[in-house]
Amino acid sequence: MATFNTLPGFREFYPEDYAQRKHIFQIWRQVARRFAFQEFDGPILESLELFTTKSGPEIESQLFCFEDKGGRQVSLRPELTPSLARMVAARANGLKRPIKWFSIGDNFRYERMQKGRLRCFTQLNVDLLGEQGPSAEVELIGLLVQTLIGFGLTEEDFFVRLSDRNLWMLYLAAHGYEGEAIGSILGVVDKWERMPEDKLLAQLQEVAGEKAAELKAAVDTFLKLDSLEAIRDCFAGLAAEEAATEELSARLVDWKVVLDGLGAMGFGGFVKIDLSIVRGLAYYTGFVFEAFDKKGEFRALAGGGRYDALVKKMGGPDMPAVGFGMGDVVLGELLKARGKMPEFVDTVDFFAVTGGDDEKLAALSDVALLRQAGYSVEYQLKAQAFGKQMKAAVSSGARFSLIYGSEELEKGVVKLRNLADRSEQDIPRGQLLEAVRELV
RNA sequence: GUGGUAGUAGCUCAGUUGGUUAGAGCACCGGAUUGUGAUUCCGGGGGUCGCCGGUUCGAGUCCGGUUUAUCACCCCA
């Protein structure tokens with residue numbers, strides 16, 4: 001017989017794995033609801049063009065795309081944002097602002113797998129649209145932090161790096177760069193820590209020519225800033241036009257709003273100013289942030305930022321927006337490594353233990369009754385010694401076992417055994433439901 | 001797309017310079033045990049030693065290829 005493997009990068013979930021998956025989804029959903037976000041979803045399969053419009057044609061090599069039977073070029077979604085942008089655009093005029101939506105769904109990327117990276121992963125997406133001001137960032141980053149706290153993680157375990165593409169633009173403009181040059185430079189900044197110095201210089205030369213070394217020094221200086229005061233001082237040393245100065249002080253006010261807001265929520269200790277975060281693709285327009293484990297063992301836990309221009313680019317109206325995504329793969333690895341992943345499987349409320357055939361029929365009658373009343377009930381399908389059945393009852397995770405032996409049947413009772421403290425009591429079978437309701 | 005490492009039971013692994021019928025622990029199933037979860041004892045099912053080829057009287061073991069997994073690079077929405 002041929003053997004079939006799962007496709008590369010795709011997972012299957014046995015019950016004990018699925019229990020962990022459910023735990024992650026449950027916390028995601030719970031915290032998003034507490035922040036008053038509404039759940040939605042988009043299609044898993046979309047036209048290829050939707051994604052190439054957003055990210056450029058070169059993205060195709062990383063997509064699960066193909067031609068469908070109608071000759072359409074289609075792709076499994078690599079991310080949710082383009083679908084979200086379309087959905088919001090379609091009803092932009094009818095939606096109450098701010099629009100606070102979240103989604104939990106599978107995404108697909110055709111990539112080589114490695115640690116924390118698969119070809120199918122589930123992502124929590126949270127987006128807040130229609131709010132221009134930095135209070136949107138407060139709400140969203142607050143939700144990000146609260147979610148990770150919800151898994152039992154603490155300040156010892158993770159933190160959020162906060163950066164700002166606007167500040168970079170102001171800084172680079174003050175050094176005489178503008179337009180596409182700024183985008184190119186940020187592309188290099190994104191790789192700053194990973195790239196050897198000579199390569200960095202070579203790439204900067206393409207933008208800055210002879211002034212590459214000067215530019216590199218300026219970037220290095222900027223990357224070291226870790227407080228609002230340091231940022232203000234750094235700009236003060238630059239000769240800038242009056243308009244730029246005004247823009248900067250307005251931006252610093254935005255920064256203060258974000259930091260003060262998160263501080264008031266009690267999350268100040270989780271947030272660290274780190275201007276090295278600029279995030280790869282260039283559609284982010286303002287604050288950008290990423291969450292990391294503190295030991296630096298894993299890839300980013302979550303990442304996001306402001307993308308004010310995207311909805312319009314996807315055919316919608318002007319719609320300011322900020323959002324983040326959090327994948328289940330890296331998060332799951334971190335939770336397991338930190339002992340924060342609960343180990344449980346689906347359990348039952350009751351386990352019926354039966355003697356002979358008559359006892360089994362009595363038990364089945366009560367089992368059906370309890371199940372109709374909403375309880376989860378299990379019993380052994382085949383006849384077995386009491387001892388074995390008790391063992392099975394314990395390993396089923398049931399809180400109580402219901403014992404149907406010949407003695408009980410004669411007296412018209414069922415013996416209810418508490419599997420935790422091993423106490424037992426006889427309950428007349430006619431009153432089983434009432435007795436159970438008091439207990440469970 | 002480029003490179004490193006690994007592949008023996010469901011899981012974790014052992015397997016001697018190449019030598020009879022490939023082993024252990026855990027897990028699972030049955031029995032001792034048709035009135036109670038432990039312990040113990042007995043038994044059982046399970047393997048194309050990733051796959052193909054080569055060397056050899058003889059290959060889980062040596063050689064070549066291949067495939068899969070994994071880690072790193074590239075990329076990361």
Side-chain angles (χ1 to χ4, degrees), chain A residues 1-11 14 16 50-56 58-63 75 77-85 107-119 121 123 125 127 187 190-191 194-196 199 277-284 288 290 297-300 302-305 307 310 313-314 323-327 329-330 333 351-360 380 382-410 415-424:
Chain A
M1 196 186 93
T3 58
F4 298 100
N5 296 325
T6 55
L7 290 168
F10 284 78
R11 294 169 287 174
Y14 287 85
E16 59 272 26
L50 180 71
F51 303 117
T52 52
T53 297
K54 185 205 159 205
S55 306
E58 63 278 3
I59 199 73
E60 193 175 324
S61 66
Q62 289 171 58
L63 294 178
S75 175
R77 67 181 179 200
E79 57 166 329
L80 185 65
T81 307
S83 307
L84 164 71
N107 294 39
F108 306 83
R109 295 178 187 176
Y110 200 87
E111 295 180 292
R112 267 304 252 291
M113 310 146 45
Q114 53 190 283
K115 190 181 180 191
R117 243 170 89 177
L118 302 172
R119 287 183 172 180
F121 57 94
Q123 202 169 60
N125 265 266
D127 292 273
D190 191 38
K191 297 166 188 160
R194 303 192 295 267
M195 211 181 263
K199 260 191 149 175
I277 303 290
V278 294
R279 293 187 67 75
L281 260 68
Y283 71 87
Y284 286 108
V288 287
E290 293 183 347
E297 292 173 32
F298 300 95
R299 295 170 172 278
Y307 53 99
L310 186 65
K313 185 180 176 187
M314 301 305 295
F324 75 83
M326 183 186 301
V329 182
V330 177
E333 284 173 357
F351 195 107
V353 172
T354 64
D357 293 343
D358 292 341
E359 290 85 347
K360 177 143 185 189
Q380 207 72 319
K382 61 186 171 188
Q384 254 187 345
F386 266 56
K388 288 257 181 200
Q389 293 189 59
M390 291 305 304
K391 216 168 159 180
V394 171
S395 73
S396 76
R399 277 173 286 177
F400 301 95
S401 64
L402 298 164
I403 299 172
Y404 297 84
S406 52
E407 292 168 28
E408 286 78 11
L409 200 62
E410 259 173 49
K415 185 162 283 171
L416 181 77
R417 180 178 174 89
N418 183 326
L419 290 171
D421 62 18
R422 305 190 176 209
S423 64
E424 291 183 345

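Regarding contacts with the backbone of B/G30, a side-chain N or O of A/Lys382 is found under 4.0 angstrom from either OP1 or OP2. Contact between the side-chain N/O atoms of A/Gln114 and the OP1/OP2 oxygens of B/C71 is not found at any separation under 4.0 Å.
No hydrogens or angles were tested; on distance alone, a donor-acceptor pair under 3.5 Å links the side chain of A/Arg112 to the base of B/U2. Side-chain to base pairing of A/Arg117 with B/C76: one donor and one acceptor N or O lie within less than 3.5 Å of each other.
Between A/Ala398 and A/Leu419, the shortest heavy-atom distance links the atoms O-CD1, 3.4 Å. In terms of heavy atoms, A/Met390 sits closest to A/Val353 at SD-CG2, 3.9 Å.
If you check every strand for non-hydrogen atoms under 4.0 Å, A/Lys360 touches nothing. Using a 4.0 Å heavy-atom cutoff across all strands shown, A/Pro82 reaches no nucleic acid atom at all.
Here OG of A/Ser395 is found 7.0 Å from CZ of A/Phe351. Values are rounded to the nearest 0.5 Å. How far CE of A/Met314 is from OH of A/Tyr283: 10.5 Å, rounded to the nearest 0.5 Å.
Stem analysis of RNA chain B (Watson-Crick or G-U pairs, both distances under 3.5 Å, runs of at least three) returns B:1-7 with B:67-73, B:10-13 with B:23-26, B:28-32 with B:40-44, B:50-54 with B:62-66.
The side chain of A/Met113 lies closest to B/A69 when the candidates are B/A77, B/A69, B/C75.
Mapped onto RNA chain B by nearest heavy atom, A/Gly9 and A/Tyr110 fall at different nucleotides, with A/Gly9 at the one closer to the 5' end. Along RNA chain B, the nucleotide nearest A/Glu111 and the nucleotide nearest A/Lys115 are compared for position; the residue whose nucleotide lies closer to the 5' end is A/Lys115.
Every salt bridge (Lys or Arg N to Asp or Glu O under 4.0 Å) that A/Glu290 has, sequence neighbours left out, goes to A/Arg279. Scanning for side-chain contact (heavy atoms from CB on, under 4.5 Å) contacts around A/Leu118 gives A/Arg11, A/Met113, A/Val329, with sequence neighbours left out. Every residue meeting the salt bridge (Lys or Arg N to Asp or Glu O under 4.0 Å) condition with A/Glu111, not counting sequence neighbours, appears here in chain and number order: A/Arg117. Annotation: side chain to side chain donor-acceptor pair (under 3.5 Å) contacts of A/Arg119 (sequence neighbours excluded): none.
Using P as the reference atom, B/A69 and B/G37 are 46 Å apart when rounded to the nearest Å. Rounded to the nearest Å, the gap between the C1' atom of B/G25 and that of B/U68 is 27 Å. Taking the P atom of each, B/G60 and B/U55 are spaced 16 Å apart, rounded to whole Å. The P atoms of B/G18 and B/G58 are separated by 16 Å, rounded to the nearest whole Å. The separation of B/C28 from B/C11, taken at their P atoms, amounts to 15 Å, rounded to a whole angstrom. B/U61 sits 12 Å from B/G7 when the P atoms are compared, rounded to a whole Å. Spacing between B/U20 and B/C29 at atom P, rounded to whole Å, works out to 35 Å. Rounded to whole Å, the C1' atom of B/G3 lies 30 Å from the corresponding atom of B/A59.
Under a 4.0 Å N-O distance rule, the pair A/Lys54/A/Glu79 qualifies as a salt bridge.
For the pair A/Gln62 and A/Arg109, the minimum side-chain heavy-atom distance is 4.5 Å or more.
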The contact string for nucleotides 33-38 of chain B, one letter per nucleotide 5' to 3', using protein heavy atoms under 4.0 Å with B, S and - for base, sugar-phosphate only and none, comes out as SSBBBS

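In this entry the distance linking CZ of A/Arg109 with P of B/G1 reads 20 Å, nearest Å. Atoms CZ (A/Arg279) and P (B/C75) sit 15 Å apart, rounded to a whole Å. As rounded to whole Å, 13 Å separates atom P of B/C73 from atom CE of A/Met195. Going from atom CD of A/Glu60 over to atom C1' of B/C75 covers 16 Å, rounded to whole Å. Look at CZ on A/Arg119: it is 13 Å from C1' on B/C75, rounded to the nearest Å.
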Kindly determine whether A/Leu409 and A/Tyr404 satisfy side chain to side chain contact (heavy atoms under 4.5 Å, CB included), including the steps that lead there.
-> CA-CA 7 Å; A/Leu409 200 62; A/Tyr404 297 84; 5.7 Å; no

